[in-house]
Amino acid sequence: MATPTEDHDLVILGAGLTGINAAHVFRRKFPHRKLTILEARDVIGGTWSFFRYPGFRSDSHITTFGLPWYPWTLPNKVALGPQIARYIEDASRADGSYDKILFKHRMVGCEWSSETHQWRIDVDVDGQPKVLTANVILSCTGYYSYERSFPVEIPGLEKFEGQVVHPQWWPEDLDYTGKRIVIVGSGATSVTLVPNLVDKAKQVTVLQRSPSYVAVINNRSRFDEMLRMLLPVVWVHWFCWVRDNIYEFLMINFMLSFPRAARALLRFEMKSELPKDIDVDVHFNPRYNPFDQRLCMSPEGDYFKALHRDNCDIVTDVVDAVTADGILLKSGRKLETDIIITATGLYFQLLGGVKPIVDGQEIDAGKHYSWRGCMLDSLPNMVFMMGYTTSTFTPGAAAMTQMAVRVVRHMEKKKATSVVPVIEKRKGMPQMLAVNTSSNYFVKAADRMPKVTNEGPWYGRKSLLHDAWALLFANMEDGLVYGNLKSQ
């Protein structure tokens with residue numbers, strides 16, 4: 001029996017926040033083109049319907065993290081995962097994009113043909129094979145694997161007789177009432193988990209090899225609530241989106257430009273929030289400057305409030321070995337525990353882990369260069385919607401969506417049916433990572449991450465200002481080669 005084939009035009013991979021935004025934008029800019037969204041799972045929402053650990057939330061204000069075209073109407077500015085998932089579904093239904101989603105359609109392979117200027121997309125539909133064709137693929141699958149996590153390197157972990165839990169696959173039936181818990185890791189997941197575990201757990205201990213910055217962020221704004229009472233909600237949402245994005249941009253660039261002052265300010269804030277028996281210079285004094293990695297955010301200081309409790313503490317040390325009933329540290333101290341939570345990071349990947357094939361040649365993203373942070377050299381008619389990693393993700397992904405619009409529009413203007421980034425020189429060129437961060441799980445993914453030269457259009461994910469400039473003034477011929485099937 002032949003595998004069924006469906007002809008499409010624009011195919012979006014992923015029905016998360018980025019995918020729904022891309023669908024909204026492309027359906028309005030290109031109403032004459034057929035658009036389809038492939039979602040591997042049976043629910044909408046991406047990350048926000050996938051993670052289930054206690055307190056899972058956004059790590060920035062929803063006014064910057066949310067969709068610029070769909071208002072957030074709840075009073076909290078830091079949104080919980082289920083709230084964001086519902087928000088994405090509501091937005092897609094209001095927009096009409098929900099009807100364009102094919103659920104349980106997981107792309108397992110894709111191949112470009114220069115003879116037809118089409119992608120062949122091999123799809124698994126709940127265990128059954130299916131083939132789609134498309135002219136353009138817009139990948140909105142994010143940058144991490146749902147099936148794999150960052151490899152946990154904890155010596156002797158297999159000897160532990162208690163329960164080992166990774167936040168990515170949090171057991172729904174996990175009962176931690178009265179249990180001793182050690183959270184290994186100091187990133188955003190750890191900062192989120194701690195305040196949500198201390199009420200039921202007997203003891204919660206954060207075990208970190210190196211400290212992170214933690215900043216207090218407000219969860220309510222009386223000013224925003226007053227505006228909602230006086231003005232239409234759409235106006236208020238647009239105003240808050242612009243205001244908060246400008247504020248974040250200015251804050252980040254201040255901290256990057258004046259790292260000593262930024263470190264001093266953050267240290268002062270953290271010290272004022274911490275209990276006196278926790279030394280800020282030991283446990284909250286990172287080796288890196290602010291925004292070399294993403295800042296961890298604590299809504300209304302909930303993380304620091306948890307550390308004031310008798311059943312919560314933080315330890316900065318290195319694991320020597322895991323025993324049957326705890327963790328032995330290099331300092332000689334032993335942390336007895338019932339549950340170990342490995343909040344150690346994500347496994348970086350693009351395109352859902354699939355390596356595209358172009359005319360029989362496999363394209364390995366780690367061996368290719370990024371064009372304006374959204375396309376790869378040698379890869380035709382495919383755009384990666386990658387957001388920012390050290391600041392709010394969504395504005396970066398939205399900027400890449402607009403860049404994709406410019407590329408497709410220019411392709412249509414030239415009556416072309418293909419566009420491919422081409423970099424002329426390779427030997428001796430710089431090979432910097434497209435994502436500029438010192439976070440361990442990004443650094444360890446260097447072999448899978450696109451490279452950049454930071455010259456001309458060959459740059460990665462930078463900043464909203466850089467992307468805004470490119471959207472206004474970038475030459476759509478620079479680094480791109482267009483092809484017309486009729487001229488072949």
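Position 1 is the first residue of the sequence, and the numbers go up from there.
With hydrogens and angles ignored, the 3.5 Å screen pairs a side-chain donor or acceptor of H61 with a backbone N or O of N218. The closest donor-acceptor contact from the side chain of T18 to the backbone of A397 lies at 3.5 Å or more, if one exists at all. Proximity of a side-chain donor or acceptor of S370 to a complementary backbone N or O of Y459 within less than 3.5 Å is detected. Here the side chain of T392 pairs no donor or acceptor atom with the backbone of F65 at under 3.5 angstrom.
Taking the six-membered ring where tryptophan is involved, the planes of W72 and Y87 are perpendicular, since the angle between them exceeds 60° and thus also 30°. A perpendicular orientation is assigned to the rings of F51 and Y53, their planes being inclined by more than 60° (bins at 30° and 60°). A perpendicular orientation is assigned to the rings of F284 and Y303, their planes being inclined by more than 60° (bins at 30° and 60°). Relative orientation of the W170 and Y176 rings is perpendicular, given thresholds of 30° and 60° on the angle between their planes. Ring geometry for W48 versus F56: interplanar angle under 30°, hence parallel rather than tilted (30 to 60°).
F103 has its ring centre less than 6.0 Å from the ring centre of Y98. With ring centers used as reference points, F239 lies 6.0 Å or more from W235. Residues W469 and H466 keep their aromatic ring centres 6.0 Å or farther apart.
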Walk me through whether S298 and D302 qualify under side chain to side chain donor-acceptor pair (under 3.5 Å).
CA-CA 6 Å; S298 172; D302 60 352; 2.8 Å; yes
Would Y70 and H237 count as a ring-ring contact (aromatic ring centres under 6.0 Å, His included) if you check the C-alpha gap in whole Å, the side-chain angles of each, and the deciding distance to 0.1 Å?
CA-CA 8 Å; Y70 192 76; H237 179 72; 8.0 Å; no
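Other residues, nucleotides and ligands contribute only 12 or fewer heavy atoms inside 6.0 Å of the CG atom of D310. Counting heavy atoms of neighbouring residues, nucleotides and ligands inside a 6.0 Å radius, atom CZ of R209 does not exceed 12 of them.
Under the side-chain hydrogen bond (donor to acceptor under 3.5 Å, both in side chains) criterion, the residue pairs touching residues 177-188 are D175-T177, R180-E336, R180-D338, S186-S212, with sequence neighbours excluded. Note on residues 209-233: pairs passing ring-ring contact (aromatic ring centres under 6.0 Å, His included), not counting sequence neighbours, are Y213-Y288.
Electrostatic pairing of E300 and K305 does not count as a salt bridge here, judged by no charged N lying under 4.0 Å from a carboxylate O. Salt-bridge check for R309 with D199: passed, with a basic side-chain N closer than 4.0 Å to an acidic carboxylate O. The pair K100-D95 fails the salt-bridge criterion, with no side-chain N (NZ, NE, NH1 or NH2) lying under 4.0 Å from an Asp/Glu carboxylate O. A salt bridge does not link D467 to R372: none of the charged side-chain nitrogens sits closer than 4.0 Å to a carboxylate oxygen. Here K413 does not pair with E477 in a salt bridge; the nearest charged N to carboxylate O distance is not below 4.0 Å. The pair D126-K104 counts as a salt bridge, with a side-chain nitrogen and a carboxylate oxygen less than 4.0 angstrom apart. We find that D224 and R222 are not joined by a salt bridge, their nearest charged nitrogen and carboxylate oxygen being 4.0 Å or further apart. A salt bridge is defined here as a Lys NZ or Arg NE, NH1 or NH2 lying under 4.0 Å from an Asp or Glu carboxylate O, and D99 with R93 fails to meet this definition.
Exactly one of R406, K29, R33 qualifies for a salt bridge (charged side-chain N to carboxylate O under 4.0 Å, His left out) with E412. That residue is R33.
For the residue pair Y144 / S149, no side-chain donor-acceptor distance below 3.5 Å is found, with atom types taken as modelled. No hydrogens or angles considered: nothing links the side chains of T64 and D244 as a donor-acceptor pair under 3.5 Å.
Because its NZ or CZ atom is both nearer than 6.0 Å to the ring centre of Y347 and within 45° of the ring axis, R448 counts as a cation-pi partner of that residue.
Closest of all the heavy-atom pairs between V354 and C110 is CG1-N, 4.1 Å.
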